[in-house]
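See structure below.
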Amino acid sequence: MTDAPVTARSVVAGQARVIAAAWSPDDAPAGWWLTAETFTAIAEEDDLLDLAAAIPPDRLPPLLLGAAVAFLVRERRAAVGRYYPEPGGGQPRRDGGFRAELVDFVRAERGAIGELCATHRYQMNEVARCADVLPVLATIGTEDMRPLALVDLGTGAGLGLHLDRYHYTYRSAGTPDRTVGDRTSPVLLTCEVRPGGRPPVPAELPVVTDRVGVDVEPLDVADSHTLAWLAACVPPESGAVTRFAAAAAVARADPARSVRGNLLEVLGDVVAATPRDALVCLVDTYVHVFLPPADLQRFDDLLTELGRERDLEWISVDPLVPLGPDARASVQGLDVPAAWVRDTRDGGVFGVIGRVRVRAGRRTGTLLGRAHPGAAWLEWR
């Protein structure tokens, strides 16, 4: 018996199955079905898999294809669009007909979908991940009374830069909900806290005195095509779709400053331009996952260099995936529990939450927890 050859199709199919599994655990909310079935179809249906396998590997083929399909479904006002949720609405009912209609649509629009995949890149802007970052800022706030200068790495549409303008609810079984933030905010973020440690939830949100995003391609949500593409990159789940629309409205109303460029090349100047009385907080949610090992080391060296001049915090929410199946540490170099390594090997997808603190050039790091990629749950250590 010989192993099946590794091909672009087999690799992409495997990636799609992992994503589908992340959206279909035994306790998955009913609203996750469309995301799970979309990526299962990419793994199993030849018409979709052929398109995905033709996408360069570094462009995240299953995710990019899923976004291109969602974009075109809405643009064409296709019949299959009735399965896709609208902002503020519920999740359309699952009736068993989605897969066949999806395949028919992809066959009919194969050329247009391929063109979208060739001219766009996948840009996930999941604002709910701010619920993973907020407890870290709360921890920082108990130690340091300085206002914060937020530097969002890989900012995309800049939704993470407005985290102090949202309302948060943390839910734990058997205990009252803990809430914080602007009760009038249109952005309502709810996160389930898994049994174990309790993440610190501040009585008040941190004071942000400066905010700036860094991205190789900052995105302007005031542009209608850009907004529509970003909306297509959001998982087709009613809560995610509603969150994105509300957060995009906040970003349009009060745009934050952004800097275009490779973060390894421009970060020094960005940090130097922040107010001297502020504590610089570098926030990275699912950004370092895309950096090759050499760039991870360059960022680490840059952090050491910047830390000689300024006090810094680096908050990271990144999966173990880029470090390989035998990874024992996070992208921040923090040791992770063996159970998390096993979960990753078994196909679990989650972000490791870590904090690196630099004071007077001295660096310390703490592993704080892990979270679902869509911020549906948070597990604190």
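Side-chain atoms are counted along with the backbone in the values below, which use heavy atoms only and exclude waters and symmetry mates.
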Donor-acceptor contact below 3.5 Å, side chain [X] vs main chain [Y]:
| X | Y | answer |
| --- | --- | --- |
| Thr38 | Leu34 | yes |
| Glu126 | Ala128 | yes |
| Arg252 | Ala247 | no |
| Thr242 | Gly239 | no |
| Gln332 | Trp314 | yes |
| Gln91 | Pro236 | yes |
| Arg82 | Ala79 | yes |
| Glu86 | Gly89 | no |
| Ser185 | Gly181 | no |
| Asn125 | Ala157 | yes |

Classify the side-chain pair [X]/[Y] by whether it contains a donor and acceptor separated by less than 3.5 Å.
| X | Y | result |
| --- | --- | --- |
| Thr175 | Arg171 | no |
| Asp318 | Ser316 | yes |
| Arg146 | Thr209 | no |

For [X] and [Y], which heavy atoms make the closest approach, and how far apart are they?
| X | Y | value |
| --- | --- | --- |
| Ala246 | Pro186 | CB-O, 3.4 Å |
| Leu137 | Pro206 | CD1-CG, 4.1 Å |
| Leu334 | Thr366 | CD1-O, 3.4 Å |
| Ser330 | Val336 | N-CG1, 4.0 Å |
| Cys117 | Ile55 | SG-CD1, 3.7 Å |
| Leu378 | Tyr170 | CD2-CE2, 4.1 Å |

To the nearest 0.5 Å, how far apart are [atom1] in [X] and [atom2] in [Y]?
| X | Y | atom1 | atom2 | result |
| --- | --- | --- | --- | --- |
| Leu303 | Leu267 | CG | CG | 8.5 Å |
| Trp229 | Glu75 | CH2 | CD | 11.0 Å |
| Phe71 | Leu116 | CZ | CG | 6.0 Å |
| Asp284 | Leu263 | CG | CG | 8.5 Å |
| Leu64 | Cys233 | CG | SG | 7.5 Å |
| Phe39 | Leu63 | CZ | CG | 4.5 Å |

Problem set entry | side chain to side chain contact (heavy atoms under 4.5 Å, CB included) between Leu282 and Leu153, intermediate numbers included | CA-CA 7 Å; Leu282 309 178; Leu153 308 179; 4.2 Å; yes
Any side-chain heavy-atom pair from [X] and [Y] closer than 4.5 angstrom?
| X | Y | result |
| --- | --- | --- |
| Leu189 | Val127 | yes |
| Arg178 | Pro199 | yes |
| Trp377 | Cys191 | no |
| Trp340 | Leu367 | yes |
| Phe244 | Leu227 | yes |
| Asp132 | His372 | no |
| Phe350 | Asp343 | yes |
| Arg359 | Leu279 | yes |

Residues [X], [Y]: salt bridge by 4.0 Å N-O rule:
| X | Y | result |
| --- | --- | --- |
| Asp182 | Arg165 | no |
| Arg121 | Asp215 | yes |
| Arg110 | Glu115 | no |
| Glu217 | Arg260 | no |
| Glu44 | Arg17 | no |
| Asp300 | Arg363 | yes |
| Arg357 | Asp311 | no |

For this session: Apply salt bridge (Lys or Arg N to Asp or Glu O under 4.0 Å) to Glu379 and Arg370, showing your working.
Result: CA-CA 5 Å; Glu379 181 181 310; Arg370 61 176 173 170; 3.2 Å; yes
Say whether [X] and [Y] are linked into one hydrophobic cluster, either directly or through other cluster members, by side-chain heavy-atom distances under 4.5 angstrom.
| X | Y | value |
| --- | --- | --- |
| Ile42 | Leu60 | yes |
| Leu312 | Leu296 | no |
| Val289 | Val216 | no |
| Val106 | Tyr84 | yes |
| Leu148 | Val201 | yes |

For this session: Begin from the C-alpha positions of Val356 and Ile315 and carry the test side chain to side chain contact (heavy atoms under 4.5 Å, CB included) through to its verdict.
Result: CA-CA 7 Å; Val356 168; Ile315 300 167; over 6 Å; no
For this session: Please identify each residue that fulfils ring pair (Phe, Tyr, Trp, His ring centres under 6.0 Å) with His167, with sequence neighbours left out.
Result: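 His167 satisfies ring pair (Phe, Tyr, Trp, His ring centres under 6.0 Å) with no other residue.
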Exercise. On the ring face of Tyr286, is Arg129 found with NZ or CZ under 6.0 Å from the centre and within 45° of the axis?
Worked result: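 Cation-pi check for Arg129 and Tyr286: passes.
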Exercise. Counting only heavy atoms not in Glu204, do more than 12 sit closer than 6.0 Å to its CD atom?
Worked result: no
For this session: Quick one: do Val283 and Val151 satisfy side chain to side chain contact (heavy atoms under 4.5 Å, CB included)? Show the steps, please.
Result: CA-CA 6 Å; Val283 180; Val151 181; over 6 Å; no
Exercise. Arg9 and Glu45: salt bridge (Lys or Arg N to Asp or Glu O under 4.0 Å), yes or no, with the steps?
Worked result: CA-CA 11 Å; Arg9 284 170 56 89; Glu45 299 288 345; over 6 Å; no
For this session: Show the numbers, then the answer: is there a side chain to side chain contact (heavy atoms under 4.5 Å, CB included) between Arg257 and Arg211?
Result: CA-CA 7 Å; Arg257 182 165 55 97; Arg211 60 192 88 215; over 6 Å; no
Exercise. Passes salt bridge (Lys or Arg N to Asp or Glu O under 4.0 Å), Glu265 versus Arg298? Steps please.
Worked result: CA-CA 10 Å; Glu265 297 170 357; Arg298 285 181 61 198; 5.2 Å; no
For this session: Answer with yes or no after comparing the ring centroid distance for Phe299 and His288 against a 6.0 Å cut-off, counting only values under it.
Result: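 Distance test on ring centres: under 6.0 Å, yes.
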